[in-house]
Amino acid sequence: MADKERAGITDWVAYIGEGGPRYVLGHTPKPPKPHYAYLLLNVSDHRLINELITRLEQFTFDNFPDLTATFRRTLNGPPVEKPVQVRLLGPDNAVLFEYADQVKAYLRKQTGPLNLTDDWGPRAKKLIVQINEARARRAAVSNQEIAIALQTGLSGLVSTEF
């Protein structure tokens, strides 16, 4: 990292696969997970924190769009996981995604760093299998055999472990 990019950062520590020790009341370490990391940065001046958070948010958004990254100041007192939450309910997922994108776009226009997340995760294609029970019975194929065939075709089948 270039010196200009590190301006204001005095030191840092990274915990890969865990949340590190509880160093203040506001930090509740997450249980160990191989896909989790926790990074703690110390800065020379508290006034640099908002700019640093904004730059880190933009960097992760531009370079790692599927990463769920949360940036925030270390707080005193009991931990607050998400201080503001918006819940959208409705029968049509496509409409909900559209509204969620509108809310996120509005919030991104606000001043200061924002950690915008949702609990939908990345949009993914979904395979829905509809079995014609009558035809399957005539062919003497069970639902379990169809499931095994799909598992083998889509993900492979573990035959043994050594």
If you measure from CD on Gln102 to CZ on Phe97, what distance do you get to the nearest 0.5 Å?
-> 14.0 Å
Return yes when atom CD of Glu133 has more than 12 non-hydrogen atoms of other residues, nucleotides or ligands closer than 6.0 Å, and no otherwise.
-> yes
Decide yes or no on side-chain contact (heavy atoms from CB on, under 4.5 Å) for Leu96 and Leu89, but give the supporting numbers first.
-> CA-CA 7 Å; Leu96 289 175; Leu89 302 170; 5.7 Å; no
When you look at NZ of Lys30, are more than 12 heavy atoms from neighbouring residues, nucleotides or ligands closer to it than 6.0 Å?
-> no
From CA spacing to verdict: side-chain contact (heavy atoms from CB on, under 4.5 Å), Leu52, Phe71 | CA-CA 9 Å; Leu52 183 60; Phe71 303 96; over 6 Å; no
Got a donor-acceptor contact below 3.5 angstrom from the Asp45 side chain to the Leu48 backbone?
-> no
Please say whether more than 12 non-hydrogen atoms of neighbouring residues, nucleotides or ligands are located less than 6.0 Å from OH in Tyr99.
-> no
Name all residues meeting the side-chain hydrogen bond (donor to acceptor under 3.5 Å, both in side chains) criterion together with Asp11; count only those two or more places apart in sequence or in a different chain, and write none if there are none.
-> Asn42
Kindly check if the number of other-residue, nucleotide or ligand heavy atoms within 6.0 Å of OH (Tyr36) is above 12?
-> yes
Hphob cluster co-occupancy, Ile53 + Ile9, side-chain heavy atoms under 4.5 angstrom = yes
Before giving the answer on side-chain contact (heavy atoms from CB on, under 4.5 Å), spell out for Asn93 and Val95 the whole-Å C-alpha distance, their side-chain angles and the decisive distance to 0.1 Å.
-> CA-CA 5 Å; Asn93 289 348; Val95 172; over 6 Å; no
Should Tyr38 and Val13 be counted in the same cluster of Ile, Leu, Val, Met, Phe, Trp and Tyr side chains packed under 4.5 Å apart?
-> yes
Decide yes or no on side-chain contact (heavy atoms from CB on, under 4.5 Å) for Leu154 and Leu127, but give the supporting numbers first.
-> CA-CA 10 Å; Leu154 297 172; Leu127 177 65; 3.5 Å; yes
Sub-4.5 Å side-chain heavy-atom contact between Gln151 and Ile148 | no
Hey, does the side chain of Glu145 reach the backbone of Ser142 with a donor-acceptor pair shorter than 3.5 angstrom?
-> yes
